[in-house]
Amino acid sequence: MALTSEEKDRAKFVSGKGKIAQEVTLSDSAEVSDVPFNIYVGTGGDLKVDTEDGQTVTLKNVPSGTYIDFIKIKKIYSTGTRASDIVAIH
């Protein structure tokens with residue numbers, strides 16, 4: 001589900017841990033959002049992601065229930081990702 005333009009504008013200016021939640025659909029081609037985000041991982045596993053600055057990295061063995069706020073993410077790949085129940089927090 002894509003963010004509305006109003007939600008995108010609001011997401012650029014919020015502070016703290018986040019105000020907008022968006023379920024993530026994994027994709028090897030499409031970005032989740034054009035606004036970088038943190039993520040919540042409901043069911044743990046590996047995460048292959050593109051960071052805000054364009055790096056592609058795999059975060060290994062992310063535990064269930066983890067909130068990742070140490071990097072900003074633009075895309076989460078379906079190939080190379082074993083985690084699930086992922087929520088983008090803007």
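Worth knowing before you read on, the calculation uses all heavy atoms, side chains too, and leaves out hydrogens, waters and symmetry mates.
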What's the verdict on side chain to side chain contact (heavy atoms under 4.5 Å, CB included) for Val32 and Leu26, showing C-alpha distance, side-chain angles and the deciding distance? CA-CA 8 Å; Val32 174; Leu26 305 179; over 6 Å; no

Give the C-alpha distance, both sets of side-chain angles, the deciding distance and a yes or no for side chain to side chain contact (heavy atoms under 4.5 Å, CB included) between Thr79 and Asp28. CA-CA 7 Å; Thr79 303; Asp28 289 338; 2.5 Å; yes

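A distance of 4.5 Å separates CD in Glu31 from NZ in Lys74, rounded to the nearest 0.5 Å. In this structure, Asp69 CG and Phe37 CZ are separated by 13.5 Å, a value rounded to the nearest 0.5 Å. Atom CG of Leu59 and atom NZ of Lys48 lie 12.0 Å apart (nearest 0.5 Å). Taking NZ of Lys72 as the reference point, atom NE2 of His90 lies at 9.5 Å (rounded to 0.5 Å). Note that OG1 of Thr81 is 7.0 Å distant from CD1 of Ile76, once rounded to the nearest 0.5 Å. Taking OH of Tyr40 as the reference point, atom OG1 of Thr66 lies at 8.0 Å (rounded to 0.5 Å).
Between Gln22 and Ser33 the shortest side-chain heavy-atom distance falls below 4.5 Å.
If you check the side chains of Tyr77 and Asp50, you find a donor sitting under 3.5 Å from an acceptor.
When every heavy atom of Ile39 is checked against every heavy atom of Ala88, the shortest pair comes out as CG2-CA, 4.3 Å. The two residues Val87 and Ala21 make their nearest non-hydrogen contact at CG1-CB, 3.9 Å. Residue Ser64 comes nearest to Gly44 through the heavy atom pair OG-N, 2.8 Å, listed as atom of the first residue, atom of the second, then distance. In this structure, Thr58 and Gly80 approach most closely via the heavy-atom pair CG2-O, 4.4 Å. The two residues Glu52 and Pro36 come nearest to each other via the heavy atoms OE2-CG, 3.4 Å.
Residues satisfying the salt bridge (charged side-chain N to carboxylate O under 4.0 Å, His left out) criterion with Asp46, sequence neighbours excluded, are Lys60.
Evaluated for a side chain to side chain contact (heavy atoms under 4.5 Å, CB included) with Thr51, the options Val57, Thr56, Ile73 yield exactly one hit, Val57.
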